[in-house]
Colleague: 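Take this structure, written in structure tokens, and hold onto it; I'll ask about it next.
If you're wondering where the values come from, they're calculated on a predicted model, not measured in any experiment. Throughout, a chain's letter reflects where its sequence line sits, starting with A, and its residues are numbered from 1.
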Amino acid sequence: MSTTLDEMTVRTRATTSAELASGRESRETVGDVTSANPRMVCRHVDVFYGSTQAIKDVSLDIGKNEVVSMIGPSGCGKSTFLRCLNRMNDTIDGCRVTGSITLDGLDIYDKGLDPVPLRAQVGMVFQKPNPFPKSIYENVAYGPRILGLTNSKAELDDIIEGSLRKAGLWNEVKDRLDKPGTGLSGGQQQRLCIARTIAVSPEVILMDEPCSALDPIATAIIEELIDELRSNYSIAIVTHSMQQAARVSQRTAYFHLGDLIEVGETNQIFTNPKHKLTEDYITGRFG
Amino acid sequence: MSTTLDEMTVRTRATTSAELASGRESRETVGDVTSANPRMVCRHVDVFYGSTQAIKDVSLDIGKNEVVSMIGPSGCGKSTFLRCLNRMNDTIDGCRVTGSITLDGLDIYDKGLDPVPLRAQVGMVFQKPNPFPKSIYENVAYGPRILGLTNSKAELDDIIEGSLRKAGLWNEVKDRLDKPGTGLSGGQQQRLCIARTIAVSPEVILMDEPCSALDPIATAIIEELIDELRSNYSIAIVTHSMQQAARVSQRTAYFHLGDLIEVGETNQIFTNPKHKLTEDYITGRFG
Amino acid sequence: MNKTPAAGAPPKRAIDIVNASLKRRYARERRFRFIGLSAVILGLSFVGLLFADIIAKGHSAFVQTYIQLPVHFEAAVLDPDGSRNPEVLARANYQQLIRDALRTEFPGVTDRRETRTLYSMISVGAPTQLRDRVLANPDLIGTTQDVWLLADDDIDMLVKGHIDRGLPENQRRVKDQAVGWVEQLEAQGRIAKRFNTIFFTNGTSREPELAGIAGALMGSFYTLILTLLFAFPIGVGAAIYLEEFAPKNRWTDLIEVNINNLAAVPSIVFGLLGLAVFISVFGVPRSTPLVAALVLTLMTLPTIIIASRAALKSVPPSIREAALGVGASPLQTQIHHVLPLAMPGMLTGTIIGMAQALGETAPLLMIGMIAFIVEIPSGFTSPSTVLPVQIFLWADSPERAFVERTSAAIMVLLAFLILMNLTAVLLRRRFERRW
Amino acid sequence: MHTSTLLILVLAFMSLAYYVGRKRAISTAGGVTRINTLHSLPVYYGLYAALWAGLPALLLMGLWAGFQDDILVALVKSELPATMLDGLSPGAASLLVNDIKNLASGAIVSRTPTPEMQLAADRYNLYNQFAVWAMWLAVSALALGGMAFAWLRTQPKMRARNRVESIFMAILVIFSSIAILTTLGIVLSVLFESMRFFQEVSPLEFFFGTLWSPQTALRADQIGASGAFGAVPLFTGTLMVSAIAMFVAVPIGLMSAIYLSEYAPRKVRAWAKPTLEVLAGVPTVVYGFFAALTVAPFIRELGMSMGLNVASESALAAGLVMGIMIIPFVSSLSEDVINAVPQAMRDGSYALGATQSETIRRVIIPAALPGIVGGILLAVSRAIGETMIVVMAAGLAANLTANPLESVTTVTVQIVTLLTGDQEFDSAKTMAAFALGLTLFVVTLTLNVIALHIVRKYREQYE
Amino acid sequence: RDSVWIAGSSTVFPFSTTVAETFGRETSFPTPKVEALGTGGGFKIFCSGVGVDKPDISNASRAIKLSEFDECQANGVTEITEVKIGYDGIAIANSKQSPVIDLNLAELWLALAKDIPNEAGEFVANPYRKWSEINPDLPDVAIEVLGPPPTSGTRDAFVEIAMEGGCNTFDAVKALKDSDKDKHKAVCHGIREDGAFIEAGENDNLIVQKIVANPNAIGIFGFSFLDQNTDTIQGTLIDGIEPTFESIADGSYPVARSIYFYVKNAHVGTIPGIQEYVVEFTSDKAWGPEGYLVDKGLIPLPDAMRASMGADAQALTPMTAPAN
Ligand SMILES: Nc1ncnc2c1ncn2[C@@H]1O[C@H](COP(=O)(O)OP(=O)(O)OP(=O)(O)O)[C@@H](O)[C@H]1O
Ligand SMILES: Nc1ncnc2c1ncn2[C@@H]1O[C@H](COP(=O)(O)OP(=O)(O)OP(=O)(O)O)[C@@H](O)[C@H]1O
Ligand SMILES: [Mg+2]
Ligand SMILES: [Mg+2]
Ligand SMILES: O=P([O-])([O-])[O-]
């Protein structure tokens with residue numbers, strides 16, 4: 001498993017029957033999918049739910065110290081793609097991924113590769129907040145505990161406070177750390193899940209609409225956090241807010257019905273989209 | 001149960017021990033909480049989760065043919081208040097509501113009142129999408145079925161198609177109506193829940209961040225829907241997007257830490273807030 | 001990852017810590033998984049062991065030894081007045097025919113004791129066998145036919161090899177002489193083992209070769225049907241009420257504790273209760289499936305209620321909210337949404353409860369089910385016994401031939417159990433889903 | 001003219017009423033197109049009518065069936081010549097009536113019938129026929145009446161759903177109270193005798209005595225043993241056997257549940273689970289033999305070979321086998337609740353880099369805890385209440401010991417041996433069984449209260 | 001109710017059911033229902049009154065006690081016919097893998113008694129742990145006897161016949177008989193509780209199999225179980241007599257008891273078939289020396305006794321109150 005990017009041969013895509021059934025070939029992606037300094041490299045990724053294809057031949061890099069935002073209409077496959085990046089799709093029955101995805105040159109779908117440390121390294125915030133049925137403290141402490149990141153209670157307390165602070169939740173929950181995380185409001189749960197993810201310091205962070213339930217102020221805090229995290233890590237974020245994409249990301253990818261239509265510098269995408277579909281979407285003329 | 005609004009005496013608030021414990025009286029609401037043509041009238045509503053108070057002495061009307069939007073920082077009690085309006089709080093253990101809430105002059109917390117028809121009349125879209133683990137079709141058909149809104153399969157099919165269309169989901173799911181609703185993407189689930197709610201044509205609709213997982217285009221469809229519904233019904237919507245509040249609502253209520261700080265014409269609130277807290281929030285200076 | 005990724009990483013990367021401890025965590029994972037697998041295998045091997053043990057002991061009960069003899073249907077014995085009156089035929093002395101046949105077959109036997117031994121080779125049920133044949137076909141009278149006659153249980157045991165012919169004579173129930181006769185018949189091909197239909201069609205009997213489980217099986221069937229009819233709706237209904245509707249207060253806590261506690265009440269106490277309440281107060285007839293079902297219902301209710309409540313608890317509240325939110329009544333919410341999701345757990349509880357009811361003996365001791373009842377019960381109020389009690393009684397019988405029949409009865413009970421479970425399992429699978 | 005035919009008739013009436021009720025609701029609303037002016041769905045009007053048609057009729061039927069014979073017998077008796085009943089005790093009278101009934105039904109009678117008896121039998125038959133006819137008429141009339149009543153009451157404003165639901169609710173309440181009534185019945189049926197027992201034997205001796213040997217001084221002419229009623233050894237014995245059983249059942253059951261729901265392929269799970277469930281249904285007599293004849297000698301041999309002194313009826317053997325029996329209580333019930341934990345919980349954990357076992361141990365098990373504890377409690381309960389295995393494998397000697405290799409006896413064993421077999425009417429010995437039952441009841445109740453509190457404390461509710 | 005209802009002893013159960021079955025097969029009466037409740041349990045419901053919901057016949061592996069008889073009388077069960085049906089030998093046996101044991105009643109008593117007299121004639125707790133300590137000729141193994149619990153009639157009979165027989169061979173004990181009757185009884189009937197005697201439940205088959213599995217153990221159970229298992233177990237000689245059909249029938253084997261059934265006369269003539277059942281039971285083809293009950297292990301009464309007993313039974317002559 002010492003496959004590096006160079007050695008890696010992009011697997012040839014076989015045209016599947018599902019694709020034929022869907023009656024249409026996938027579209028070519030406009031723009032440069034590569035990154036100068038890539039951490040994750042995806043090539044020709046197809047994802048199927050049973051026989052329907054949710055992601056069609058998507059290739060995309062996620063670079064070091066970069067935030068890539070993914071935008072596109074609801075149901076276009078953003079979450080699906082994101083879940084491929086740390087193999088969360090494994091848990092869905094009937095979900096099948098082909099193509100190649102590498103992290104630092106290692107094929108993450110390699111048979112011998114173990115998804116457990118991968119997921120510690122590639123953290124994820126889910127679209128629907130899913131706090132554990134435990135106390136707020138235990139929710140955040142869970143990751144560091146199982147990964148053995150701390151040696152003492154004090155250290156753990158620090159991590160927890162730090163994470164909650166970064167997620168902008170500390171002030172609201174500091175008096176009720178022992179109350180169940182499920183008794184929080186929607187936006188609080190979302191921030192709790194963010195805190196839980198950053199508590200294990202993953203190197204790549206996948207965020208699926210992390211601010212959907214947040215008010216502008218809380219959103220600003222999270223965006224700040226993203227910016228801060230970027231200096232060390234790589235981040236892929238799904239968002240429906242173009243403003244947010246524009247604010248936080250360096251590169252933007254536009255998905256449409258399972259295709260990656262266009263990738264480019266965020267600036268360029270929002271000011272000068274090349275593909276008609278992108279343009280329609282950005283300007284709200286779509287649909 | 002023939003209490004009308006006129007006869008209704010607003011119950012006097014007893015200062016509870018919890019309030020005393022919280023160490024601070026609730027704030028006075030700025031602005032006019034009443035509506036010229038009210039359908040729902042809330043007076044001095046307090047909500048407690050166990051011993052902590054989540055809503056403090058809130059009074060607010062929701063008028064006929066009007067959209068009231070509720071904004072405020074995450075965790076300020078918007079969802080809690082919304083859930084009071086159709087007695088969904090009944091389902092939470094340890095949640096207690098005092099004060100008076102009437103619908104067309106009838107006290108909805110009256111002992112003799114049956115919450116079941118109330119909830120059919122006051123529909124709700126929840127913050128976290130919660131489709132039934134049934135097919136998409138069955139998800140939407142459920143309400144009309146139990147309420148006996150249709151006499152034939154054809155009529156039911158019409159309602160379902162209509163509701164899904166209005167929620168902007170029809171095109172995406174029309175070929176898979178028999179697939180489980182839980183296998184949809186986040187945004188699709190949210191729209192499914194909206195479709196499910198409007199399928200029973202409630203007269204008052206409570207929407208808790210209905211567009212949080214939606215892209216701009218889908219959001220536009222829902223906003224259009226809200227606008228359309230307003231002509232016949234009353235709508236209360238919780239949203240984090242000021243733009244959205246500005247676009248869809250006639251009146252806006254600003255919540256803060258369980259208090260209703262300010263209520264007013266949407267225009268006025270966004271252009272000329274009277275309360276300092278409102279202003280801070282609107283201009284993003286808060287926090 | 002099994003390998004540390006690219007070098008030159010910042011000094012304290014979390015992934016390094018993760019990787020460092022990974023081996024240990026994986027060892028734990030493997031251990032956990034291995035323990036799980038061993039637990040399953042252990043559990044299944046218990047089942048296998050029990051089955052193997054029972055089948056090894058009981059399989060031979062499914063065949064029964066028959067002896068072929070030329071029987072002369074002597075008209076003088078059967079139908080002295082030649083009227084062919086079925087009543088007369090039914091009362092005739094068929095024993096006589098068999099004894100005659102035996103004596104003709106073994107003419108040398110004259111001693112009184114020896115004759116007794118000789119006669120006792122054929123079951124006391126054989127005359128009935130002949131009678132049925134004659135009644136079905138009176139033309140047999142006056143003819144001589146080769147008839148396969150039911151062998152006595154001792155001979156049956158000998159033929160099946162459960163009696164060691166090598167042992168000294170005084171340590172055997174079947175003496176040398178009888179063994180000689182059997183060997184003679186075997187050499188002539190006049191001894192055969194055939195499928196034991198009697199076992200499935202007869203009620204119980206003192207004679208092992210005539211003993212069947214039909215009575216007990218029907219008794220169990222009626223009992224379980226009633227138990228299911230009572231216990232399932234009551235159990236599920238009670239669980240729904242307590243979990244979903246009853247106000248949560250001290251009173252309902254008490255009820256919950258109380259139901260848990262009922263599960264720990266020794267089953268025989270339910271028998272006492274049944275005796276005191278159902279038989280003495282309400283006059284429900286003793287020894288009937290009805291009273292057994294009532295007692296077993298009380299006994300299985302806690303199991304069903306506890307399992308059902310656990311199942312209801314595991315249905316996420318958001319499902320209830322969703323249904324209530326579109327105007328479903330609480331009852332509709334339960335029936336349309338919660339119940340289907342909780343059904344697998346409820347069915348599990350029911351399966352286990354019914355299994356327990358099917359295998360239970362102790363409380364039935366108190367209500368007259370531990371009885372010798374030959375007639376096959378025809379309804380819910382006819383006297384009957386049930387399979388486990390039949391097994392209990394047979395296990396306590398001195399006759400050696402009952403050993404294999406006991407095991408065979410257990411096999412039938414297990415088959416019954418498996419059949420019963422299968423239905424529930426199929427049902428359960430229909431409801432099962434993960435979301 | 002069998003009662004079951006009438007039952008079917010009533011059911012038919014109910015279906016008819018359902019149909020009529022629905023129809024009527026729709027027509028009062030003004031046709032199919034206007035059913036939304038009805039308060040409830042037409043189905044509920046149908047159910048409402050069906051319940052009105054069925055419930056009173058069924059109730060009457062039940063009462064009738066319960067009392068008909070008593071009334072008939074009273075009638076027939078009152079018409080018997082007084083001389084026949086003179087001086088007969090109620091029991092003897094019942095025998096006479098029995099003979100008359102046998103005569104009436106054409107079964108064999110025990111004596112040549114006298115003309116009086118024949119007359120009485122004929123009368124009985126006549127009355128019986130009349131009563132059956134009357135019942136049919138009354139029940140049908142009531143069913144029709146109920147239907148008519150519902151028909152009259154049906155109008156769009158009637159809150160049919162609420163009415164139907166409140167009836168169902170009432171039924172649910174009745175179902176729940178059955179558990180209470182059972183408890184009441186059990187307590188009452190053991191309390192009386194226990195009180196009498198405690199009048200003869202001091203509670204102090206019973207609860208704190210360490211010597212149990214109840215077979216004495218009970219029948220004037222029997223000398224069994226020393227006649228001591230110290231229940232402590234029984235409770236320690238019960239505790240030990242149950243503890244051993246739990247030691248077997250909880251790890252195996254729980255780990256099986258986990259393996260089957262989380263690791264095993266669907267197919268394996270589909271057959272392994274029901275296979276394990278078979279263990280719960282094997283008659284306890286079978287387990288008894290298994291324990292006494294296979295396991296106990298094996299343990300004895302094993303112990304001997306290690307130089308240990310093992311009783312031939314060790315607590316260990318009984319406990320082990322009992323543990324096997326209750327595996328499915330833990331495994332199946334836990335499996336169901338583990339399976340019901342939403343996938344989102346697992347996803348949340350995996351995404352943090354947890355291994356499967358960590359997820360299971362730290363997220364899934366805690367989330368499923370109430371159900372798992374429920375299953376374990378049920379298993380413990382079954383272990384405490386189980387009798388046959390211990391009777392056959394653990395023996396009857398009440399040793400106060402903590403050594404599982406020795407033989408002990410349990411409360412249930414004593415209850416069974418005291419209540420069955422050669423017993424006396426009111427000896428302290430028989431009453432001791434009731435006192436034991438009551439004490440066991442109280443002890444387990446206490447344990448359950450504690451368990452409930454613990455579960456409450458650690459309960460984790462998802463969503 | 002149109003069928004006879006019999007309840008009681010599990011020892012008599014095999015005989016009673018055999019008769020019931022034959023009776024059902026050969027007459028037009030329905031087969032009686034026989035419940036195995038144990039002797040005491042049988043008397044309990046038998047004596048609870050007269051009526052359709054009470055049994056007609058009670059089986060017993062011992063004679064009715066005065067207390068039970070009184071209870072019967074008190075509940076209106078005044079006329080009871082006692083029928084002694086034969087003997088049931090109590091076998092003492094061990095596994096074939098061990099040598100045959102030859103005991104006398106005194107040794108048996110010494111092995112199982114709770115208290116035994118020492119040289120000084122004082123009663124001390126039984127000190128014997130091994131058979132060889134009682135008599136050097138006996139095997140050098142620990143005393144381990146599996147027997148029925150006191151709730152069983154077999155145990156009663158064993159105590160009354162074997163134990164009492166054994167203890168009376170000691171002068172010290174014999175002396176007590178006159179001086180202190182109660183003490184005498186306690187001494188003779190008291191079975192040790194220190195683990196040498198194991199109460200192994202009511203299931204005789206289980207005892208048989210347990211002694212097969214444990215060659216050092218000795219079991220006490222009904223003779224028919226020995227009879228059926230002669231390939232694996234062997235009877236212990238008591239006073240030099242082997243338990244066999246003949247030795248029990250002629251009375252030379254000391255440990256045998258009478259078994260009975262009791263008929264509720266008030267039910268005769270109201271429940272069809274009772275009298276006919278009694279006739280069947282007391283017919284020669286059932287309880288005679290060649291009868292089918294013998295095949296089931298019943299040891300028949302001597303001819304003369306059988307004749308008089310049968311006549312009394314068929315005439316339903318009510319019994320008088322028992323001695324104790
Ligand atoms: N079930 C509950 N038990 C206890 N406290 C709760 C519960 N639900 C909400 N709360 C608390 O009540 C307060 C108000 O919650 P609410 O859900 O109404 O907030 P919100 O305004 O909807 O926030 P958001 O925008 O994040 O959804 C919060 O502090 C929250 O933590
Ligand atoms: N478990 C599943 N089984 C089957 N189809 C699925 C499943 N999950 C998602 N899909 C389908 O795959 C497509 C892509 O879904 P995905 O969740 O990736 O969309 P998305 O871009 O995240 O949308 P949103 O913005 O609404 O969250 C959708 O059509 C969706 O219905
Ligand atoms: Mg998504
Ligand atoms: Mg909210
Ligand atoms: O049933 P018993 O004969 O032992 O009383």
Colleague: Which bit of R191(A) comes within less than 4.5 Å of chain B, counting heavy atoms only: side chain, backbone, both or neither?
Modeller: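 For R191(A), the contact with chain B is made by the side chain alone.
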Colleague: I need the residue from A218(A), A213(A), S185(A), A220(A) with the largest number of non-hydrogen atom pairs under 4.5 Å to chain B.
Modeller: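 Ranked by contacts with chain B, first place is A213(A).
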Colleague: Quick one: what part of Q127(B) sits under 4.5 Å from any heavy atom of chain A, side chain, backbone, both or neither?
Modeller: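 When you check distances to chain A, only side chain atoms of Q127(B) fall under 4.5 Å.
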Colleague: Among S212(B), C211(B), P129(B), who wins on heavy-atom pairs under 4.5 Å with chain A?
Modeller: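 With the most close heavy-atom pairs to chain A, the winner is S212(B).
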Colleague: Does the side chain of M70(B) come within less than 4.5 Å of L60(B)'s, by heavy atoms?
Modeller: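 Counting from C-beta outward, L60(B) and M70(B) do come under 4.5 Å.
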Colleague: Please rank E172(A), K128(A), Q190(A), M242(A) by heavy-atom pairs under 4.5 Å with chain B and give me the top one.
Modeller: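 Top option by heavy-atom pairs under 4.5 Å: K128(A).
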Colleague: Can you tell which of C76(A), S241(A), P216(A), S74(A) has the highest number of heavy-atom pairs within less than 4.5 Å of chain B?
Modeller: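 Winner by heavy-atom pair count: S74(A).
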Colleague: Does a side-chain N-to-carboxylate-O contact under 4.0 Å join K166(B) and E224(B)?
Modeller: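 Salt bridge absent between K166(B) and E224(B).
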Colleague: Check step by step if salt bridge (Lys or Arg N to Asp or Glu O under 4.0 Å) holds for D90(B) and R119(B).
Modeller: CA-CA 12 Å; D90(B) 290 10; R119(B) 291 188 191 126; 3.7 Å; yes
Colleague: Enumerate the residue pairs fulfilling ring pair (Phe, Tyr, Trp, His ring centres under 6.0 Å) with a member in residues 68-98 of chain A, sequence neighbours excluded, ordered by first and then second residue.
Modeller: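 Applying ring pair (Phe, Tyr, Trp, His ring centres under 6.0 Å) to every pair that reaches into residues 68-98 of chain A, excluding sequence neighbours, yields F81(A)-F255(A).
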Colleague: Show, in sequence, the C-alpha distance, side-chain angles and deciding distance for S135(A) and E138(A), and conclude whether the side-chain hydrogen bond (donor to acceptor under 3.5 Å, both in side chains) test is met.
Modeller: CA-CA 5 Å; S135(A) 72; E138(A) 286 301 324; 4.9 Å; no
